[in-house]
Student: 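Got a structure here, written out as structure tokens. Questions coming.
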Amino acid sequence: MGNVPTAVKHCLSYEQLIQDYPWLKRLLLEEKEIVPTGVKIQLIDMLSGTGLPVIEATSFVSSKWVPQMADHTDVLRGIHREPHVRYPVLTPNLQGFHDAVAAGATEVAVFGSASETFSKKNINCSIDESMLRFEEVIKAAKERQIPVRGYVSCALGCPYEGHIEPSKVSEVAKRLYEMGCYEISLGDTIGVGTPGSMFKMLQSVMAEVPTNALAVHCHDTYGQALPNILIALQMGVCVVDSAVAGLGGCPYAQGSSGNVSTEDVLYMLHGVGVETGVNLAKVLEAGDFICEALGRQTNSRVARARGRTL
Amino acid sequence: MAAVVRLVNRSALGSAMGQRYVAFSSAAKVNAAGLRAGRTLPDKVKIVEVGPRDGLQNEKTIVPTETKIHLIDMLSASGLSVIEATSFVSPKWVPQMADQVEVMKGIDRKPGVSYPVLTPNLKGFQAAVKAGASEVAIFGAASELFSKKNINCSVEESLQRFDEVVRMAKEAGVRVRGYVSCVLGCPYEGNVAPEKVAHVAKRLYSMGCYEISLGDTTGVGTPGSMSDMLEAVSREVPVNALAVHCHDTYGQALANILVALQMGISVIDSSVAGLGGCPYASGASGNVATEDVVYMLHGLGIQTGVDLSKLMDAGAFICRTLNRRTSSKVAQATCKL
């Protein structure tokens, strides 16, 4: 969140990226400071008051890789835990899992990939090797009755491999689900998907994983996130990932947007008569707060339309 | 950080969208919903490029005539088959379009491409024909207040004015496209009844407009209001004579366009680089970007005849000239990999 694009937080090998893309280092260094812990806590507390049922709070990756998340324990301990709201945290491996539990985590997430190359470049191992790692986490989580959410990245395309076969996505999704993940979030990591590729991918995954265990995590890099979400909803998916103010750029496309903004998703969902339990006005306030704290403009069109420009 | 929105009441999606979207609460019905999602979309979509007129009209910088001509020529070369070239309104009201005659005479008219121009009244129509126009467009509104504030007359009065233009156009063998604005909401009236939109669309179609473009002028529409409105309008006007003109002010344009495609619409208006802000919401975006629409359509396997990279060249050109950032996300995504 904040200076470090969300994708870097939970997908990428930071050092590998810096080595391969020096422009990225410049971009990251230009964003001067790491977001203070107090600001993160306040943002999460504001989001807790909006009606959102799940808020991904932080990441227990090594702070060597993702300095932005170095304060993971302080964040988890500092937030006000609203009843009926869940605060999952990322745990790439058993070490991260134990640290998360020690810090009070009650839900965790693991990140797989549908692309071999992405997996190798990102977490330095093949998909199969990563599954073994996740299996350990899931086993340990089961023992403590901690739910695990599984993510599959590159579900609609890979920055290295290009096209990804829907069958590969469903294979990885199925493995995570059978291992014990209660929900699988299918991520269009570089936002290249369209309703056409979303439909084909979901058809394939739905043949292997129950629809009510699926979520979509769309990036808006090519402006396709909302129609992609719409088609997913039409196909029965009813869990949608998004980021307030559309925080988190795309490290693969300089200057581009990344995550779809929660405000824009809510506006659409409410417009089609779907109940989300979320108060859009309060989400807008949380978006205002974090954009002001970061000194940047919101990526949410709804926020901009309501006159919230910096 | 990621927030997860969980749809608490799935069946609400079904009831809001009517029988076309069934409740997802039972497995048996999932297939039906999937059918909607997988419904046959049009094989081909015609894009009506409104950047040079609707787009530039809403840009603050006055653009030199040669730049406009060059933009239109670049767009012609990208494969677009309809490019709204200029507007024959009084330059007193719209200074950006003061060079309407020079533009019409200066552009390279590619065979097979149509260059409609706006003509708010008979005088504008006559000037347009004199300047070589072979297709014109007239703009009605579904909202009384908007009509009064915008063109200083009621909806009924405007339709009578348009009747004159359409009759003259028929005699001159000139095609007329009708626009209806505020179809999903009005900046003054708020909600606009779908029946009102249908009424105005029907009148324009019956008068002789070959196509009716339904405009979400302030971009407030969502797939819910879009489908309700289209259902009402398509009862009065054949669906193959309808087009949608979506604004992206609230980020809903592509989702709205998707629903329109699912309902049989095969003509989409858009503006290169998303030119043209929203005059009702300072700093907000306006027209949906042609690049983003074409990206989605091609991803759906729909033919448009448009070469996306040439289109992006045209977008890059006009943004450089206007010294502004493109509003197209596709254009912004300069992938380094």
Student: Would you compute the distance between atom CD of B/Q332 and atom CG of A/D220 and round it to the nearest 0.5 angstrom?
Tutor: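 B/Q332 atom CD to A/D220 atom CG measures 9.5 Å (nearest 0.5 Å).
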
Student: Considering all heavy atoms of both residues, which atom of A/T221 and which atom of B/A333 are nearest to each other, and what is their separation?
Tutor: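 Of all heavy-atom pairs spanning A/T221 and B/A333, the closest is O-CB, 3.7 Å.
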
Student: Could you tell me the separation between the CG atom of B/D292 and the CD atom of A/Q224, rounded to the nearest 0.5 Å?
Tutor: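 Between atom CG of B/D292 and atom CD of A/Q224 there are 6.5 Å.
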
Student: Do B/M296 and A/Y222 have side-chain heavy atoms sitting under 4.5 Å apart?
Tutor: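 They are not in side-chain contact.
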
Student: Where does B/V288 contact chain A at under 4.5 Å (heavy atoms): side chain, backbone, both or neither?
Tutor: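 Neither; nothing under 4.5 Å.
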
Student: For residues A/P227 and B/L258, report the shortest heavy-atom separation together with the two atoms involved.
Tutor: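 Nearest pair, atom of A/P227 first, then B/L258: O-CD2, 3.6 Å.
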
Student: Side chains of B/Q252 and A/L230: does their closest heavy-atom pair fall under 4.5 Å?
Tutor: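 With C-beta onward as the side chain, the pair stays apart.
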
Student: Do other residues, nucleotides or ligands put more than 12 heavy atoms under 6.0 Å from B/N191 CG?
Tutor: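 Check fails, neighbour count at 12 or below.
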
Student: So, B/Y295 side chain and A/V192 main chain: donor-acceptor pair closer than 3.5 Å or not?
Tutor: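 Yes, the answer is positive, given that a donor and an acceptor are paired below the 3.5 Å cut-off.
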
Student: Do you know the tightest heavy-atom contact between A/G196 and B/L300?
Tutor: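 Closest heavy-atom pair between A/G196 and B/L300: N-CD2, 3.3 Å.
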
Student: What are the two closest non-hydrogen atoms of B/G251 and A/R301, and how far apart are they?
Tutor: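 So the two residues come closest at N-CB, 3.5 Å.
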
Student: Near A/K282 NZ, under 6.0 Å, is it more than 12 heavy atoms from other residues, nucleotides or ligands?
Tutor: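 No, the 6.0 Å shell around NZ holds no more than 12 heavy atoms from other groups.
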
